[in-house]
Structure formats: C-alpha cells, structure tokens
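Contents: one structure, followed by commentary.
Because the structure is a prediction, the values reported are computed rather than measured.
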Amino acid sequence: MFKVIHRYVGPASLSLLTFKVYASSKKDSPHKDTVKVNELSLYSVPEHQSKYVEEPRTQLEESISHLRHYCEPYTSWCQEKYSQNKPKIQSLVQWGLDSYEYLQNAPPGFFPRLGVIGFAGVVGLVLARGSKIKKLVYPPGFMGFAASLYYPQQAIVFVQVSGEKLYDWGLRGYIVVEDLWKENFQKL
C-alpha cells in the first residue's frame, strides 16, 4: 500500500554507513502503490468549514458560577489580607529561626542569666497578688531590674528610648487636654 524509507545511522564506528529500510503492509505487494506525503489524510485540508459551537451550561455549572460570584468579595478580601500580612508573618518566622539559632549557639552564662531574669518575673507575679495593675507592673519591673544588672548598656539605651517615647506621649496628652480646656472652659 505505501512505502516508508528510513535511514538508520549506527553508532560512532558505523556512522558512515546508512541503511535503507522498506516497510509495507504485505511483503509481496508491488512498490507501485506508494503514497506521497501530501496525499496522506493527515496533511490534507478539511473540505468543510469548522464552526465553534458553545454547549449550553448545565445546572451544575450554573450553580458553581453562582457560588463563585457570591464568594468573590470574600476571596478577594482574604487575598488582600494575605498579601498585607505575608511580609509580617515572614519576618516573624525569620525572627523565630534567628532566635532558635541564637539559643542553639548561646554565649556562655546566658542560660543562668535567663533563669535569674525569669525567676525575678515569677517573684514579681507572686508579690502582685490581688491587683490587676500590680500584675501588669511588678513582673516586667522585676524582670527589667534583673536584666539591667546583667546587661547595663542595653538597659541604658532602652531607658533612653522609652523615656523619649513617654515624653512624647505626655506632650501629646497635654496638648489634647489644653485644647479641650480652651474649647469648653474658656467660653464660660
């Protein structure tokens, strides 16, 4: 029916030799029934024009479409929040990994100091029984005092920065109270 000629190139030692391979449906068929490549149906142009017809939507597709349109504001809100919080979460994870690495290779004497500072916090919690304000002030105060004994330079920097922030907050509060005083009591 048809004749296919393949050229075979062997390994590097036989690379100069080529072989012809004939393939046909019957061994005894004559070679007169050969077909050219452009006569194969694979390469021929279809006779009729094709037209794209969209199938009607099923009930399941309609339900899914309705559900997607209903959930779209919520999914866009979630994507927005995710994109906003992703850098924060990544920095938090990196901080955790850095802390873990630091604790794995802690300097000598770090863990005893950490134990003393933690014990000072527990003592502050025990002494703050009965009052919620004391529970908020005593444990951090005792822990800060114990930490300042071991790390005086960092404590000085912390106090300076905290003092500046407290001064700014006090100044803002003073301005707000002064404006309220002028608006309400100067008119009387």
Side-chain angles (χ1 to χ4, degrees), residues 9 11-12 15 52 54-188:
V9 179
S15 64
Y52 176 73
E54 188 172 327
E55 295 182 16
R57 297 170 93 176
T58 64
Q59 181 66 30
L60 178 63
E61 290 174 336
E62 287 290 331
S63 299
I64 291 173
S65 174
H66 178 69
L67 181 65
R68 287 180 69 193
H69 287 298
Y70 178 74
C71 295
E72 186 177 5
Y74 303 109
T75 57
S76 64
W77 178 79
C78 289
Q79 288 173 345
E80 179 183 328
K81 291 300 178 185
Y82 174 75
S83 64
Q84 287 176 354
N85 292 328
K86 184 178 178 182
K88 296 174 186 175
I89 292 171
Q90 286 177 339
S91 66
L92 181 66
V93 168
Q94 186 61 42
W95 177 79
L97 292 173
D98 292 342
S99 299
Y100 177 76
E101 182 68 29
Y102 180 78
L103 291 175
Q104 290 296 322
N105 303 319
F110 174 75
F111 290 113
R113 291 176 182 177
L114 186 65
V116 169
I117 294 169
F119 181 72
V122 171
V123 168
L125 191 62
V126 168
L127 293 177
R129 285 185 292 170
S131 173
K132 291 183 180 183
I133 295 174
K134 287 182 183 178
K135 286 181 183 179
L136 290 175
V137 174
Y138 281 14
F142 277 91
M143 289 174 69
F145 177 72
S148 68
L149 294 176
Y150 288 115
Y151 304 103
Q153 294 166 341
Q154 289 85 352
I156 290 170
V157 171
F158 178 76
V159 168
Q160 288 175 344
V161 171
S162 299
E164 290 173 3
K165 287 183 180 180
L166 285 174
Y167 178 75
D168 288 341
W169 289 347
L171 189 59
R172 288 179 189 166
Y174 177 75
I175 292 170
V176 168
V177 169
E178 185 179 29
D179 289 342
L180 289 173
W181 180 269
K182 286 181 180 177
E183 290 175 5
N184 295 329
F185 296 111
Q186 293 290 336
K187 294 178 183 177
L188 296 176

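Around OH of Y102, the count of heavy atoms belonging to other residues, nucleotides or ligands within 6.0 Å exceeds 12. No more than 12 heavy atoms of other residues, nucleotides or ligands sit less than 6.0 Å from atom CZ of F145. Atom CD1 of I133 sits in a sparse spot, with 12 or fewer heavy atoms from other residues, nucleotides or ligands closer than 6.0 Å. Surrounding OH of Y151 are more than 12 heavy atoms belonging to other residues, nucleotides or ligands, all under 6.0 Å away.
Taken from NZ in K88 to CG in L92, the straight-line distance is 11.5 Å, to the nearest 0.5 Å. To the nearest 0.5 Å, the span separating CG on L166 from CD on E164 amounts to 10.5 Å. Summarising the geometry, atom CD1 belonging to I175 is positioned 12.0 Å from atom CG belonging to L180; distances are rounded to the nearest 0.5 Å. Going from atom CG of L114 over to atom OH of Y150 covers 10.5 Å, rounded to the nearest 0.5 Å. To the nearest 0.5 Å, atom CD of residue E101 and atom CD of residue Q94 are 10.5 Å apart. Separation of atoms OG (S148) and CE (M143) is listed at 12.0 Å; rounding is to 0.5 Å.
Residue P87 comes nearest to S83 through the heavy atom pair CD-O, 3.5 Å, listed as atom of the first residue, atom of the second, then distance. G124 and F142 get closest at one heavy-atom pair: CA-CD1, 3.5 Å. Between E72 and T75 the shortest heavy-atom distance is O-OG1, 2.9 Å. The shortest heavy-atom contact between F111 and L103 is CZ-O, 3.7 Å. Heavy atoms only, all atoms of each residue included: G121 and P139 are closest at O-CB, 3.7 Å.
Without hydrogens or angle criteria, S63 side chain to Q59 main chain gives a donor-acceptor distance under 3.5 Å. Side chain of R129 to main chain of V126: a donor-acceptor pair is present (N/O by atom type, distance under 3.5 Å, no hydrogens or angles). Not a single donor-acceptor pair under 3.5 Å links the side chain of S65 to the backbone N or O of E62.
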**Q.** Verdict with reasoning, Q160 to I156, per side-chain contact (heavy atoms from CB on, under 4.5 Å)
**A.** CA-CA 6 Å; Q160 288 175 344; I156 290 170; 3.9 Å; yes

(Q) Please evaluate residues Q84 and E80 with respect to the criterion side-chain contact (heavy atoms from CB on, under 4.5 Å), reporting the C-alpha separation (whole Å), side-chain torsions for both, the decisive distance (0.1 Å), and the verdict. (A) CA-CA 6 Å; Q84 287 176 354; E80 179 183 328; 3.6 Å; yes

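Between H66 and Y70, the ring planes are parallel. Angles under 30° get that label, and only those over 60° would be called perpendicular.
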